[in-house]
Amino acid sequence: MLPLLTRIDHVGIACRDLDAAVGLYTATFGLEVASLEVNEEQGVREAMLRVSAASAGSAASAGSAGAAGSAGAAGSAGAAGVPGYVQLLEPLGPDTPVGRFMARRGEGLHHVGYGVSDVRQALAAIGGTGIRLIDERPRHGSLGASIAFLHPADLGGVLTELVQAAGPA
(Lines give C-alpha, C1' and ligand atoms only; values in the text may rest on other atoms or scores of the structure.)
Protein backbone atom coordinates (compact mmCIF):
# COMPACT_ATOMS: atom_id res chain seq x y z
CA MET A 1 0.00 0.00 0.00
CA LEU A 2 1.32 3.43 -0.94
CA PRO A 3 1.50 6.04 1.82
CA LEU A 4 -1.74 8.03 1.99
CA LEU A 5 -0.15 11.20 3.37
CA THR A 6 1.93 13.16 0.89
CA ARG A 7 3.11 16.11 3.02
CA ILE A 8 2.35 18.24 6.04
CA ASP A 9 -0.01 20.76 4.46
CA HIS A 10 -0.52 23.05 7.45
CA VAL A 11 -0.82 23.43 11.19
CA GLY A 12 -4.00 25.06 12.49
CA ILE A 13 -3.60 27.43 15.43
CA ALA A 14 -6.58 28.78 17.38
CA CYS A 15 -6.34 32.46 18.34
CA ARG A 16 -8.58 35.06 19.98
CA ASP A 17 -7.58 37.95 17.69
CA LEU A 18 -6.77 37.02 14.09
CA ASP A 19 -5.37 40.44 13.16
CA ALA A 20 -2.97 40.41 16.13
CA ALA A 21 -1.91 36.81 15.41
CA VAL A 22 -1.27 37.60 11.72
CA GLY A 23 0.84 40.59 12.79
CA LEU A 24 2.81 38.43 15.22
CA TYR A 25 3.52 35.63 12.71
CA THR A 26 4.39 37.96 9.83
CA ALA A 27 6.66 40.16 11.97
CA THR A 28 8.31 37.29 13.84
CA PHE A 29 8.76 34.74 11.07
CA GLY A 30 8.45 36.79 7.87
CA LEU A 31 5.52 34.71 6.64
CA GLU A 32 3.39 35.92 3.74
CA VAL A 33 -0.41 36.07 3.96
CA ALA A 34 -1.71 33.78 1.20
CA SER A 35 -5.40 34.28 2.02
CA LEU A 36 -7.82 35.79 4.51
CA GLU A 37 -11.37 34.46 4.56
CA VAL A 38 -14.45 33.79 6.64
CA ASN A 39 -15.67 30.20 6.61
CA GLU A 40 -19.22 30.35 7.97
CA GLU A 41 -19.67 26.56 7.69
CA GLN A 42 -16.71 26.00 10.04
CA GLY A 43 -17.42 29.08 12.15
CA VAL A 44 -14.04 30.73 11.71
CA ARG A 45 -12.28 33.75 10.36
CA GLU A 46 -8.95 32.47 9.09
CA ALA A 47 -5.63 33.40 7.58
CA MET A 48 -3.35 31.08 5.63
CA LEU A 49 0.29 32.12 5.98
CA ARG A 50 2.71 30.64 3.43
CA VAL A 51 5.84 28.97 4.83
CA SER A 52 9.00 29.01 2.70
CA ALA A 53 10.37 25.60 1.77
CA ALA A 54 14.02 26.73 1.51
CA SER A 55 16.14 24.65 3.88
CA ALA A 56 18.19 26.32 6.60
CA GLY A 57 21.70 27.10 5.43
CA SER A 58 20.88 26.85 1.72
CA ALA A 59 21.86 29.61 -0.67
CA ALA A 60 18.21 30.46 -1.29
CA SER A 61 17.57 30.69 2.43
CA ALA A 62 20.64 32.82 3.11
CA GLY A 63 19.96 35.12 0.18
CA SER A 64 16.35 35.79 1.07
CA ALA A 65 16.48 35.79 4.86
CA GLY A 66 15.61 39.46 5.04
CA ALA A 67 12.89 39.20 2.41
CA ALA A 68 11.21 35.93 3.31
CA GLY A 69 7.75 37.43 2.99
CA SER A 70 8.29 38.79 -0.51
CA ALA A 71 10.04 35.64 -1.74
CA GLY A 72 7.28 33.35 -0.51
CA ALA A 73 4.91 33.35 -3.47
CA ALA A 74 7.46 32.36 -6.07
CA GLY A 75 9.80 30.20 -4.01
CA SER A 76 7.84 28.45 -1.31
CA ALA A 77 6.85 25.16 -2.91
CA GLY A 78 7.22 22.12 -0.72
CA ALA A 79 6.59 18.48 -1.61
CA ALA A 80 5.20 18.08 -5.12
CA GLY A 81 5.33 21.85 -5.63
CA VAL A 82 2.69 22.60 -2.98
CA PRO A 83 3.55 25.13 -0.25
CA GLY A 84 3.05 24.54 3.46
CA TYR A 85 1.06 26.89 5.67
CA VAL A 86 0.33 28.11 9.15
CA GLN A 87 -3.46 28.47 9.42
CA LEU A 88 -4.61 30.95 12.05
CA LEU A 89 -8.20 30.44 13.22
CA GLU A 90 -10.36 32.95 15.09
CA PRO A 91 -13.77 31.59 16.11
CA LEU A 92 -16.84 33.52 14.94
CA GLY A 93 -18.47 32.76 18.28
CA PRO A 94 -18.24 30.60 21.40
CA ASP A 95 -20.59 27.92 20.04
CA THR A 96 -18.38 26.96 17.07
CA PRO A 97 -15.86 24.10 16.98
CA VAL A 98 -12.88 26.43 17.46
CA GLY A 99 -14.80 28.51 20.02
CA ARG A 100 -15.52 25.38 22.09
CA PHE A 101 -11.90 24.24 21.70
CA MET A 102 -10.65 27.60 23.03
CA ALA A 103 -13.08 27.49 25.97
CA ARG A 104 -11.53 24.14 26.99
CA ARG A 105 -7.89 24.66 26.05
CA GLY A 106 -7.26 28.31 25.20
CA GLU A 107 -5.20 29.52 22.29
CA GLY A 108 -2.75 27.16 20.63
CA LEU A 109 -2.33 24.19 18.33
CA HIS A 110 -5.75 23.08 17.09
CA HIS A 111 -5.02 20.52 14.35
CA VAL A 112 -2.52 19.20 11.81
CA GLY A 113 -3.45 19.07 8.13
CA TYR A 114 -1.84 16.44 5.91
CA GLY A 115 -1.87 16.50 2.14
CA VAL A 116 -3.44 13.59 0.26
CA SER A 117 -3.72 12.93 -3.47
CA ASP A 118 -7.38 11.89 -3.27
CA VAL A 119 -9.36 12.76 -0.14
CA ARG A 120 -12.24 10.38 -0.95
CA GLN A 121 -9.84 7.46 -1.41
CA ALA A 122 -7.98 8.41 1.79
CA LEU A 123 -11.26 8.52 3.77
CA ALA A 124 -12.23 5.07 2.52
CA ALA A 125 -8.82 3.58 3.34
CA ILE A 126 -8.53 5.20 6.77
CA GLY A 127 -12.16 4.45 7.67
CA GLY A 128 -11.44 0.81 6.83
CA THR A 129 -8.80 0.70 9.58
CA GLY A 130 -11.35 1.57 12.26
CA ILE A 131 -10.33 5.22 12.72
CA ARG A 132 -13.48 7.30 13.22
CA LEU A 133 -14.21 9.83 10.51
CA ILE A 134 -15.65 13.18 11.56
CA ASP A 135 -16.45 13.81 7.90
CA GLU A 136 -17.83 10.88 5.90
CA ARG A 137 -17.28 12.86 2.70
CA PRO A 138 -15.13 15.87 1.80
CA ARG A 139 -16.15 19.48 2.31
CA HIS A 140 -14.84 22.84 1.12
CA GLY A 141 -11.67 24.04 2.82
CA SER A 142 -9.19 26.91 2.58
CA LEU A 143 -7.75 27.91 -0.78
CA GLY A 144 -10.36 25.78 -2.58
CA ALA A 145 -9.13 22.49 -1.12
CA SER A 146 -11.30 19.44 -0.42
CA ILE A 147 -10.93 18.49 3.25
CA ALA A 148 -12.09 15.98 5.83
CA PHE A 149 -11.36 15.53 9.54
CA LEU A 150 -10.49 12.41 11.54
CA HIS A 151 -11.45 11.93 15.20
CA PRO A 152 -8.70 12.99 17.62
CA ALA A 153 -9.57 10.31 20.18
CA ASP A 154 -8.40 7.66 17.69
CA LEU A 155 -5.17 9.47 16.79
CA GLY A 156 -3.46 10.20 20.09
CA GLY A 157 -5.52 13.29 20.84
CA VAL A 158 -4.59 15.06 17.59
CA LEU A 159 -7.39 16.44 15.41
CA THR A 160 -6.25 15.44 11.92
CA GLU A 161 -7.32 17.05 8.67
CA LEU A 162 -6.89 15.47 5.24
CA VAL A 163 -6.30 18.08 2.51
CA GLN A 164 -6.58 17.56 -1.23
CA ALA A 165 -5.24 20.78 -2.71
CA ALA A 166 -7.32 22.49 -5.37
CA GLY A 167 -6.27 21.60 -8.90
CA PRO A 168 -5.16 24.20 -11.42
CA ALA A 169 -7.94 26.60 -12.41
Side-chain angles (χ1 to χ4, degrees), residues 1-19 21-22 25 31-51 53 72-73 76-169:
M1 175 168 134
L2 293 174
L4 291 173
L5 307 181
T6 60
R7 69 192 183 286
I8 297 175
D9 184 81
H10 68 277
V11 293
I13 300 173
C15 60
R16 293 188 203 317
D17 181 337
L18 183 65
D19 296 326
V22 166
Y25 277 78
L31 301 181
E32 175 185 335
V33 176
S35 75
L36 288 167
E37 62 184 91
V38 173
N39 187 323
E40 296 282 345
E41 177 187 345
Q42 294 180 33
V44 294
R45 192 171 152 241
E46 67 176 62
M48 294 294 279
L49 306 178
R50 189 175 285 109
V51 177
S76 66
V82 179
Y85 299 93
V86 172
Q87 180 184 42
L88 300 173
L89 304 159
E90 177 187 317
L92 294 178
D95 196 30
T96 62
V98 175
R100 289 188 294 273
F101 170 88
M102 288 183 57
R104 288 188 313 273
R105 298 188 181 158
E107 293 182 295
L109 185 63
H110 180 261
H111 68 274
V112 178
Y114 295 99
V116 296
S117 298
D118 183 321
V119 70
R120 289 182 188 278
Q121 184 179 45
L123 282 170
I126 294 167
T129 69
I131 298 293
R132 286 178 284 172
L133 309 176
I134 292 175
D135 297 306
E136 296 287 330
R137 59 181 177 261
R139 55 180 151 145
H140 173 75
S142 302
L143 301 172
S146 293
I147 65 166
F149 285 92
L150 309 176
H151 204 288
D154 293 346
L155 293 165
V158 178
L159 178 61
T160 300
E161 181 179 358
L162 303 176
V163 180
Q164 179 182 334

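Judged as a side chain to side chain donor-acceptor pair (under 3.5 Å), and not counting sequence neighbours, the contacts of Arg139 are Asp135. Residues passing the ring-ring contact (aromatic ring centres under 6.0 Å, His included) test with Tyr114, sequence neighbours excluded: none.
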Next item on the list: Verify side-chain contact (heavy atoms from CB on, under 4.5 Å) between Leu89 and Ile13, making sure each step is shown before the conclusion.
Entry: CA-CA 6 Å; Leu89 304 159; Ile13 300 173; over 6 Å; no
Margin query: Evaluate His110 against Val44 for side-chain contact (heavy atoms from CB on, under 4.5 Å), listing each step before the verdict.
Written below: CA-CA 13 Å; His110 180 261; Val44 294; over 6 Å; no
Margin query: As a quick check of understanding, evaluate side-chain contact (heavy atoms from CB on, under 4.5 Å) for Leu162 and Ile126, giving each step before the final call.
Written below: CA-CA 11 Å; Leu162 303 176; Ile126 294 167; 3.8 Å; yes
Next item on the list: With side-chain contact (heavy atoms from CB on, under 4.5 Å) as the test, would you mind laying out the steps for Thr96 and Gln42 before giving the verdict?
Entry: CA-CA 7 Å; Thr96 62; Gln42 294 180 33; over 6 Å; no
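For the pair Gln164 (side chain) and Ser146 (backbone), a donor-acceptor distance under 3.5 Å is absent. Not a single donor-acceptor pair under 3.5 Å links the side chain of Arg50 to the backbone N or O of Tyr85.
If you check the side chains of His10 and Glu161, you find a donor sitting under 3.5 Å from an acceptor.
Within 6.0 Å of atom CD in Gln121, 12 or fewer heavy atoms from other residues, nucleotides or ligands are found, so the atom counts as exposed in its surroundings. Around CD1 of Ile8, the count of heavy atoms belonging to other residues, nucleotides or ligands within 6.0 Å does not exceed 12. Around the OH atom of Tyr25, the shell of radius 6.0 Å holds no more than 12 heavy atoms that belong to other residues, nucleotides or ligands. Annotation for Arg132: atom CZ counts as buried by contact number, over 12 foreign heavy atoms lying within 6.0 Å.
Side-chain atoms of Gln87 and Leu143, non-hydrogen and from C-beta on, never get closer than 4.5 Å to each other. With contacts defined as side-chain heavy-atom distances shorter than 4.5 Å, the pair Asp95/Arg100 qualifies. Using a 4.5 Å cut-off on side-chain heavy atoms (C-beta onward), Leu18 and Glu46 make no contact.
If you take CG on Asp19 and CG on Leu36, they are separated by 8.0 Å, rounding to the nearest 0.5 Å. Rounding to the nearest 0.5 Å places CD1 of Ile147 at 8.5 Å from NE2 of His140. Taking CZ of Arg120 as the start and CZ of Arg137 as the end, the distance is 8.0 Å to the nearest 0.5 Å. To the nearest 0.5 angstrom, Leu133 atom CG is 11.5 Å from Thr160 atom OG1. Between Ile131 atom CD1 and Leu123 atom CG the span is 12.5 Å, to the nearest 0.5 Å.
Considering all non-hydrogen atoms of both residues, Gly144 and Ala166 come closest at O-CB, 3.4 Å. For the residue pair Ala153 and His151, the shortest heavy atom distance occurs at N-ND1, 3.0 Å. Heavy-atom minimum distance, Val163 versus Ala145: CG1-CB, 3.8 Å. Across all their heavy atoms, Pro152 and Leu159 have their closest contact at CB-N, 3.5 Å. The two residues Asp154 and Gly130 have their closest heavy-atom pair at OD2-O, 4.0 Å. In this structure, Ala21 and Cys15 approach most closely via the heavy-atom pair CB-SG, 3.8 Å.
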